[in-house]
Amino acid sequence: MLRTHTCGELRSSNKDNTVTLCGWVDSYRDHGGTVFVDLRDRYGLTQVVFGPTGEDALTPIAKTLRGEDVIKVTGVVAPRPDGTVNPKLQTGEIEVHAQQLEILNKCNKAPFFPTQMDLPGEDLRLKHRYIDLRRPEMQQTLLLRSRIIKGMRDYFDENNFIDVETPILGRSTPEGARDYLVPSRIHAGKFFALPQSPQLYKQILMMAGYDRYVQVARCFRDEDLRADRQPEFTQLDMEMSFVEMDDIVGMIDGLVAKLAKDILGIDVPTPLPRMTYDEAMERFGHDAPDLRYGMELIDCTDLAAEAEFRVFKMVSESGGRVRGINAKQGGEKYSRRDIDKLTDYVIQDFGAKGMAWFKVDADGKLNSTIAKNFSDDLLAKIAERMGAEPGDLLLFSADEWDVTCRVLNGLRRRLAAEMKLYNPNDMNFSWVVEFPMFEFDSEANRWVAMHHPFTAPRPQDVALLDSDPAKARAIAYDLVINGSEAGGGTIRIHDSNVQKKVFNLLGMDEASAQERFGFLLDALQLGAPPHGGIALGIDRFVMLFGKLDSIRDCIAFPKTQKATDMMTGAPGEVDQKQLRELHVRSVKPHE
RNA sequence: GGCGCCGUAGCUCAAUUGGUUAGAGUACUGGACUGUCGAUCCAGUGGUUGCGGGUUCGAGUCCCGUCGGCGUCGCCA
């Protein structure tokens, strides 16, 4: 090693030691006769002094040091003079009096500095990621990520899981997300796909007798990005045999409690609370509700039917729903202008046709531009149903059920954030269970699997696969943290006949099911144990445990919203020769 | 693909209703200084206002297009 210590470890007890430190110049203070340099590495900062007590010849060289130069300094540890101890630094009681200085690498014209107060734009941070990653905040996040992954690995190791790697080059399955494709050189015209998840491999491992499998698995989905979504992301993937839902959920309960304790120092009581999908949608309008605050959805469809107000009346008579939320004491905070903005928001983002609202007067009466379309008696009933008190703001969505869900979930989240209804440091863990097996895709005019096509229906719902697929519920469970889906899993189908039936329901005839998933159907008839599992989104765990707003801050080298790497410039052009070898011709758009 | 926000010095930002030579802080360069720790003081360098077009006597500012970053809807089994 070029160094004897890190920049975070010297204390008064090292007095008179001769030490060698290496690191980056965090800052320098040139006083003429004396030059102070704060030397930084990922362990901390140490003040190095060049001056009359050190080698005089060093001072002229020390004067040339600038931010982010990489240097090696040898010197003697000394207590700082009285009155110059820096309590902000862990090493603040000492300083190193330099005797030798070597500039290992000069930093010329840095586009920005890890030390600067106002962070530069994210594009610049991503382009020069090596500078951004020097920031203590980024280093803490990557350390947190490392600790979370180690905590997970240790936990599953203690529980007798085997870590098995699965292929990155696999077969494309048109179901689900868009695949990243890799052309095959050896097989002209054929392609591998990068895995959206190791789903089928881990099921096959169960059939192979590896009854407790775990993997930190990189997954790829070629879909549009969001603040919490990257095209390549990391899952803690696990699968168990001879289990029921409670076994998987209980195993994860234990993991969550351990991580919360070890990482955040909080006690999370287990078992974590569970709620069915239907209840979540009814009470919160979303399958991953944020339970850190109330403001639940309240149904007023029956009352709306009595109103003269055309929108309410028509919606309730045509099978739609009229639901609302009560923003407690929101009447003053939200002006008419603010409410107009909320209306634009729900129209623009969720396809709402409008938003009805009432403010609750000091005497408890509902007041709004639409109030004249309601009898006093009806207004009183609505107020009572909504638990209205003076000063409250009531917001309503009247539309088809799914629209009211989207609109009110959006409003609920936005208002809760704006009105600070929860402490951002609070952590809430829960399960949402019993998801529907299928959703009807009106564009494709067919059923699609809500989770994936290998999800087992509840035993009592198997008959519904034939009679009423919409009503069939899956043995599925999502882990929800603070209103985010942090993971999801299911018990899998282990009966080839049920699997064939589901494939059939999803519009696959026997031949194409055999073509795509024949290996699975075969395996399901050659000794398949009952099994199930779950995958946790590690990037999101880091986001939530680290209180970060962007998934990009949890990943060392993330992609931009347009799925590019600003540092390397990927994706990039390739030679014609490479394309020819791959039997691929590139056709640019508009040509 | 839709909607929205942003783009001015290396960096972070300002620039009145469209009006003179586009400013400040910081970084950088030179100088002063033996105890600072966001060091201080003096002086200086630094600009195709992302790019292209348009409106106007006049555009950083208004309009259209385009590129890039971000947010969001669709999408994400």
Side-chain angles (χ1 to χ4, degrees), chain A residues 26-38 45-54 56 59 63-64 66-68 80-89 91-92 95 97 107-128 131 173-179 196-197 199-200 219-231 233 341 344-352 406-407 410 413-414 435 437-439 441 443-444 447-455 474 476 485 488 490 502 506 537 549-550 552 559-562 564 566:
Chain A
D26 195 68
S27 65
Y28 63 93
R29 295 172 292 282
D30 182 351
H31 286 246
T34 306
V35 177
F36 300 95
V37 169
D38 289 343
L45 282 181
T46 300
Q47 173 163 283
V48 180
V49 185
F50 299 87
T53 56
D56 285 345
T59 313
K63 281 174 176 296
T64 68
R66 294 295 179 269
E68 300 311 300
R80 293 196 186 190
D82 284 347
T84 64
V85 167
N86 186 346
K88 290 185 205 162
L89 295 183
T91 60
E95 60 194 13
H97 293 169
C107 175
N108 290 312
K109 294 195 174 160
F112 68 97
F113 291 90
T115 48
Q116 72 187 57
M117 304 290 282
D118 295 305
L119 222 50
E122 195 170 354
D123 43 352
L124 200 67
R125 291 174 51 208
L126 291 173
K127 184 171 181 188
H128 304 278
I131 297 177
T173 54
E175 291 274 328
R178 191 177 296 115
D179 284 321
Q196 297 175 25
S197 81
Q199 183 60 37
L200 287 168
C219 304
F220 305 86
R221 294 178 190 176
D222 188 4
E223 297 291 347
D224 286 350
L225 280 61
R226 288 286 187 283
D228 62 351
R229 226 195 274 165
Q230 282 274 301
F233 59 101
K341 278 188 192 152
D344 289 343
Y345 167 60
V346 298
I347 290 172
Q348 184 62 54
D349 274 15
F350 305 114
R406 288 206 301 272
V407 165
R413 285 175 188 255
R414 177 165 167 168
F435 282 72
M437 283 288 287
F438 309 104
E439 297 173 290
D441 182 338
E443 259 181 49
W447 294 101
V448 294
M450 191 154 184
H451 194 76
H452 59 52
F454 321 107
T455 299
E485 179 194 333
T490 64
V502 169
L506 296 173
D549 295 324
S550 167
R552 293 182 298 279
K559 305 273 189 293
T560 67
Q561 196 177 54
K562 289 229 168 98
T564 63
M566 294 218 80

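In what follows, chains are A, B, ... by sequence order, proteins preceding strands, each numbered from 1.
Straight-line distance between the C1' atoms of A14(B) and A22(B): roughly 10 Å, to the nearest whole Å. Separation of the P atoms belonging to A59(B) and U66(B) is 24 Å when rounded to the nearest angstrom.
Scanning atom types as modelled, no donor and acceptor separated by under 3.5 angstrom connect the side chain of Gln348(A) and the base of G4(B). No hydrogens or angles were tested; on distance alone, a donor-acceptor pair under 3.5 Å links the side chain of Asn86(A) to the base of C37(B). Contact of Arg29(A) with C33(B) (side chain to base): no donor-acceptor pair of N or O atoms is detected under 3.5 Å.
Checked by atom type and distance alone, the side chain of Arg125(A) never pairs as donor or acceptor with a backbone atom of Pro120(A) at under 3.5 Å. Proximity of a side-chain donor or acceptor of Ser27(A) to a complementary backbone N or O of Asp38(A) within less than 3.5 Å is not detected.
Checked against G71(B), C70(B), C73(B), the side chain of Ala227(A) finds its nearest nucleotide in G71(B).
The shortest heavy-atom contact between Gln196(A) and Cys219(A) is O-CB, 3.2 Å.
Here C11(B) presents its C1' atom at 14 Å from CZ of Arg125(A), a figure rounded to the nearest Å.
The side chain of Thr34(A) places no N or O atom within less than 4.0 Å of a non-bridging phosphate oxygen (OP1 or OP2) of G35(B). When the side-chain nitrogen and oxygen atoms of Tyr28(A) are compared with OP1 and OP2 of C28(B), one or more of them lie within a distance under 4.0 Å. Between Gln47(A) and U36(B) there is no side-chain polar atom (N or O) within less than 4.0 angstrom of OP1 or OP2.
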